[in-house]
Q: 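The structure's right below; bear with me while I get my questions together.
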4 protein chains.
Amino acid sequence: MSVEDTAQRARPGRPRSEQSRSAVVRATSELLHEIGLRAMTTEQIAARSGSSKATIYKWWPNKYAVAVDAFFSEMQADSPDPDTGSARGDFTIWLRGLFHFYTGPSGRVFAQLVGEAQFDPEVADELRDGLIRTRRAVLEAVWDRGVERGELRADVDRDVAIDLIVGPALYRLMTSRGALDDAAADAIVDAVIRGLSR
Amino acid sequence: MSVEDTAQRARPGRPRSEQSRSAVVRATSELLHEIGLRAMTTEQIAARSGSSKATIYKWWPNKYAVAVDAFFSEMQADSPDPDTGSARGDFTIWLRGLFHFYTGPSGRVFAQLVGEAQFDPEVADELRDGLIRTRRAVLEAVWDRGVERGELRADVDRDVAIDLIVGPALYRLMTSRGALDDAAADAIVDAVIRGLSR
Amino acid sequence: MSVEDTAQRARPGRPRSEQSRSAVVRATSELLHEIGLRAMTTEQIAARSGSSKATIYKWWPNKYAVAVDAFFSEMQADSPDPDTGSARGDFTIWLRGLFHFYTGPSGRVFAQLVGEAQFDPEVADELRDGLIRTRRAVLEAVWDRGVERGELRADVDRDVAIDLIVGPALYRLMTSRGALDDAAADAIVDAVIRGLSR
Amino acid sequence: MSVEDTAQRARPGRPRSEQSRSAVVRATSELLHEIGLRAMTTEQIAARSGSSKATIYKWWPNKYAVAVDAFFSEMQADSPDPDTGSARGDFTIWLRGLFHFYTGPSGRVFAQLVGEAQFDPEVADELRDGLIRTRRAVLEAVWDRGVERGELRADVDRDVAIDLIVGPALYRLMTSRGALDDAAADAIVDAVIRGLSR
DNA sequence: AGATAAGCGAGACGGTACGTCACGTCTTTGT
DNA sequence: ACAAAGACGTGACGTACCGTCTCGCTTATCT
């Protein structure tokens with residue numbers, strides 16, 4: 001009898017209600033889009049989900065943790081590796097996808113979560129672990145392929161390179177400054193790939 | 001009788017106390033560094049400054065507006081134009097300066113203000129008007145000189161180019177990911193100037 | 001300029017709102033009669049009085065303290081000294097009055113307050129100080145007059161004597177056992193005055 | 001096949017665990033003395049007794065019912081009839097016993113139960129049925145013997161007479177006013193027996 | 001000089017959300 | 001079928017901060 005069996009063997013007591021959990025997450029998702037992270041209250045989540053504040057506080061430390069979960073749950077597997085054969089193509093498609101996400105309904109939610117992360121280290125950690133890391137992984141793969149193919153300069157630090165793609169995007173989102181459309185994505189990738197100097 | 005006269009002519013009633021104003025701003029500055037934007041309360045500002053809540057609310061709409069004022073007041077005449085003679089040099093010095101600011105005591109305050117701006121459009125506006133625009137102006141000058149000198153590619157959109165410098169910096173500040181030291185600044189400028197492709 | 005003047009001189013700050021205080025007390029009075037001490041909630045008091053929970057908690061430690069105040073406020077000068085000329089007459093009138101009070105609308109409220117006092121020493125203290133002591137004072141005067149007149153036995157402890165009048169009344173109230181009408185009052189006074197032995 | 005048989009015949013399923021029942025009662029007794037009726041929670045009873053909340057709620061409607069049971073279970077066969085030969089002697093011994101009970105560890109528990117009875121009619125009923133009635137029965141016997149012997153006045157209502165003994169005692173317990181020692185018991189009985197008038 | 005008009009510190013107020021606690025019910029597994 | 005374990009909805013609690021509102025006092029200009 002393995003440890004896994006023991007872990008999976010049902011513990012005594014009523015198990016956590018999956019229905020309640022998902023109702024909370026769903027209600028939170030809706031509220032995030034409708035009124036935003038800050039205006040949303042725990043009581044509203046409870047009311048809309050049919051659950052209770054006590055239950056929410058039993059499983060999440062506060063509404064921000066619920067919001068992070070809800071935000072992740074509405075982002076499916078996401079951020080697929082484009083793998084077009086060229087680094088420029090990969091970066092372009094990937095960045096267009098990111099801009100599309102930023103301008104979509106979840107964009108503001110994401111911006112607010114990043115904003116909240118400036119005050120709440122736990123939100124920052126969860127965001128980093130759950131989202132930023134997995135997204136960067138795709139770009140790392142793109143980068144590595146480009147270097148292997150000889151398209152990209154091996155003497156540039158990979159993290160720096162990725163920041164050149166990702167940084168301007170987040171900057172535009174957070175400062176509401178500059179377009180977030182396909183043309184902008186293309187222009188950024190082009191400039192990054194070719195550099196600024198003649 | 002000009003409008004200026006009317007504005008300057010002493011109106012009846014006790015004039016606004018400059019001492020009170022500056023005490024509020026100073027107290028807010030301290031609190032921002034000590035406990036942060038969110039934890040700071042209007043009551044604390046009043047207590048520490050020796051003023052009263054009513055006075056604060058008379059001159060600022062809420063604590064975030066006070067915080068923006070306090071933040072601006074503690075930033076010196078801001079970001080001088082390096083003008084070293086080369087765009088790479090200018091960008092490098094400028095970005096090192098920004099990183100230094102980000103890692104200094106005001107860095108976290110700035111990050112929190114940007115975070116708060118995600119929820120409060122007025123904070124966003126004030127931040128954009130008072131800080132981001134003036135800072136970008138320097139970079140625009142650097143860019144224009146570089147293009148004139150023939151160092152930089154004229155076919156790149158200026159805003160895109162500036163975002164390549166500024167974006168990665170904000171990204172690293174807001175996600176607490178990646179170093180913010182001189183070496184990082186140099187690496188970013190180098191990569192941006194020369195581009196990623198071989 | 002006396003100390004009293006200094007004490008009465010208005011202290012800085014907005015003075016406590018008498019209107020708010022009395023609205024809270026009045027609302028509490030109503031709720032005590034309508035739904036009882038235990039069922040009444042602070043939120044109901046706030047809603048009905050148009051005040052806020054914060055204000056209530058600022059001036060009273062909890063709803064029970066408000067209830068004590070409300071209970072006292074609805075009992076006017078109360079318990080007058082009958083002074084009929086005979087101790088028996090005084091005791092009779094006084095006890096009839098008490099029974100009348102117990103069977104009136106405030107009777108249940110009083111019983112509940114005494115009940116609550118078993119759990120909350122502050123309620124017990126306030127009740128003792130504000131009510132029980134002032135009432136006993138009347139009976140003490142009645143007793144003393146009776147002893148002076150030679151009607152009553154001087155060798156009986158005054159507190160014991162008063163307890164013989166007051167004790168059975170409270171007993172009947174708290175145990176809902178035995179009548180609380182004029183006949184009962186008369187019977188008790190008669191038995192107490194004349195004693196049980198032949 | 002008699003009714004008793006049917007009742008005793010093992011019904012299907014696991015029978016109620018006597019061990020569980022007594023553990024609950026014992027735990028409740030301890031908690032009543034340690035922290036009091038109000039502070040005690042059902043969860044604490046469950047934890048200390050090793051039972052579960054569901055089991056407790058299966059057999060008792062709420063914690064007050066458990067408390068009543070626990071209180072009764074810790075009171076021995078209760079208040080024996082002194083039968084000293086004289087009514088004064090009987091009353092004295094009986095009242096000393098009551099005072100001793102009131103000042104003992106169970107005194108506060110009893111006071112709290114009477115307090116709770118002001119809010120909960122079921123507690124009131126159980127208390128009246130299980131305790132007050134049986135105790136008064138002893139005093140009724142004492143009274144009847146005294147009347148038969150010619151010691152006591154037959155023209156006094158028996159209930160009134162008993163209230164004169166019992167009332168002052170409860171009054172002193174519930175208002176924490178006046179001593180509850182042997183001397184006080186003697187003084188009360190003496191005054192009641194002889195009456196207040198000369 | 002007196003009237004008038006603000007500014008100001010102190011602090012009470014109504015409002016709203018917070019996070020906690022106990023209640024009594026329900027749903028599992030184990031015996 | 002009963003019991004322990006423990007999750008759940010309900011609803012009150014007491015706290016904290018917000019932004020507004022009196023107060024009484026002070027400081028200025030205007031008549």
Side-chain angles (χ1 to χ4, degrees), chain A residues 9-17 19-21 38-44 46-47 49-59 61-63, chain B residues 9-17 19-21 38-44 46-47 49-63, chain C residues 9-17 19-21 38-44 46-47 49-59 61-63, chain D residues 10-17 19-20 38-44 46-47 49-63:
Chain A
R9 182 105 63 44
R11 287 168 314 166
R14 180 175 176 175
R16 177 172 182 184
S17 159
Q19 193 241 315
S20 162
R21 194 204 64 81
R38 217 49 165 265
M40 173 184 76
T41 73
T42 322
E43 215 126 42
Q44 286 174 314
S49 68
S51 104
S52 76
K53 271 205 300 178
T55 301
I56 296 174
Y57 279 109
K58 163 145 208 174
W59 299 109
N62 50 51
K63 71 171 175 178
Chain B
R9 176 104 64 49
R11 287 167 309 166
R14 178 175 176 176
R16 176 174 183 184
S17 157
Q19 193 244 318
S20 161
R21 194 206 62 82
R38 206 67 153 261
M40 172 184 78
T41 72
T42 323
E43 215 121 358
Q44 285 174 314
S49 68
S51 95
S52 78
K53 276 205 298 175
T55 302
I56 296 174
Y57 280 109
K58 164 145 207 169
W59 300 110
W60 292 274
N62 51 49
K63 72 171 176 178
Chain C
R9 184 103 63 43
R11 287 169 313 164
R14 179 175 177 175
R16 177 173 182 186
S17 159
Q19 194 241 315
S20 162
R21 194 205 62 83
R38 218 49 164 267
M40 173 184 78
T41 72
T42 322
E43 214 126 43
Q44 286 174 313
S49 68
S51 103
S52 75
K53 269 205 300 176
T55 301
I56 296 173
Y57 280 110
K58 163 146 208 172
W59 299 110
N62 50 51
K63 70 172 177 178
Chain D
R11 286 169 309 168
R14 183 171 168 178
R16 175 173 182 187
S17 156
Q19 193 245 316
S20 161
R38 206 70 152 257
M40 173 184 78
T41 72
T42 323
E43 214 121 359
Q44 287 174 312
S49 68
S51 92
S52 77
K53 277 205 296 176
T55 302
I56 297 173
Y57 280 109
K58 164 146 206 172
W59 301 108
W60 292 274
N62 51 49
K63 72 171 176 178

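All values derive from a computational prediction rather than experimental measurement.
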Q: Starting at the 5' end of DNA chain E and moving along, which residue's nearest nucleotide shows up first, B/Arg21 or D/Ala39?
A: B/Arg21
Q: B/Arg16 CZ to E/dG9 P: how many Å, rounded?
A: 11 Å
Q: If every non-hydrogen atom of B/Lys63 is compared with every non-hydrogen atom of B/Met40, which pair is closest and at what distance?
A: NZ-O, 2.6 Å
Q: For F/dA7 and A/Thr55 - does any side-chain N or O of the residue sit under 4.0 Å from the phosphate oxygens OP1/OP2?
A: no
Q: Looking at D/Ser52, does any N or O in its side chain come under 4.0 Å of the phosphate oxygens OP1/OP2 on F/dA4?
A: yes
Q: If you assign A/Ser17 and D/Ser49 each to the DNA chain F nucleotide with the nearest heavy atom, which residue ends up on the more 5' nucleotide?
A: D/Ser49
Q: F/dT15 P sits how many Å from C/Ile56 CD1, rounded?
A: 13 Å
Q: Are B/Trp59 and B/Arg21 close enough, and set up right, to give a side-chain contact (heavy atoms from CB on, under 4.5 Å), and what steps lead you there?
A: CA-CA 9 Å; B/Trp59 300 110; B/Arg21 194 206 62 82; over 6 Å; no
Q: Would you tabulate the pairs of protein nitrogen or oxygen atoms and nucleotide nitrogen or oxygen atoms of nucleotides 23-27 of chain E closer than 3.5 angstrom?
A:
from, atom 1, to, atom 2, distance (Å)
E/dC23, OP1, D/Lys63, NZ, 3.4
E/dC23, OP2, D/Thr42, N, 3.0
E/dC23, OP2, D/Thr42, OG1, 3.3
E/dG24, OP2, D/Tyr57, OH, 2.7
E/dG24, N7, D/Lys53, NZ, 3.2
E/dG24, O6, D/Lys53, NZ, 2.6
E/dC26, O2, A/Arg14, NH1, 2.9
E/dT27, O4', A/Arg14, NE, 3.3

Q: Hey, does B/Trp60 reach any base, or is it just sugar-phosphate, or nothing, if we go heavy atoms under 4.0 Å?
A: nothing
Q: Partners of A/Glu43 by side chain to side chain contact (heavy atoms under 4.5 Å, CB included), sequence neighbours excluded?
A: A/Thr41, A/Lys53
Q: Whole Å only: how far is the NZ atom of A/Lys58 from the C1' atom of E/dC21?
A: 13 Å
Q: Report the residues that fulfil side chain to side chain contact (heavy atoms under 4.5 Å, CB included) with D/Ser52, sequence neighbours left out, ordered by chain and then residue number.
A: D/Ala54, D/Thr55
Q: At their closest point, which heavy atom of A/Tyr57 faces which heavy atom of A/Asn62, and how far apart are they?
A: CE2-CA, 4.2 Å
Q: Please name the pair of heavy atoms, one in B/Ser51 and one in B/Ile56, separated by the smallest distance, quoted to 0.1 Å.
A: OG-CG1, 3.7 Å
Q: So, OP1 or OP2 of F/dA7: does either fall under 4.0 Å of a side-chain N or O from A/Trp59?
A: no
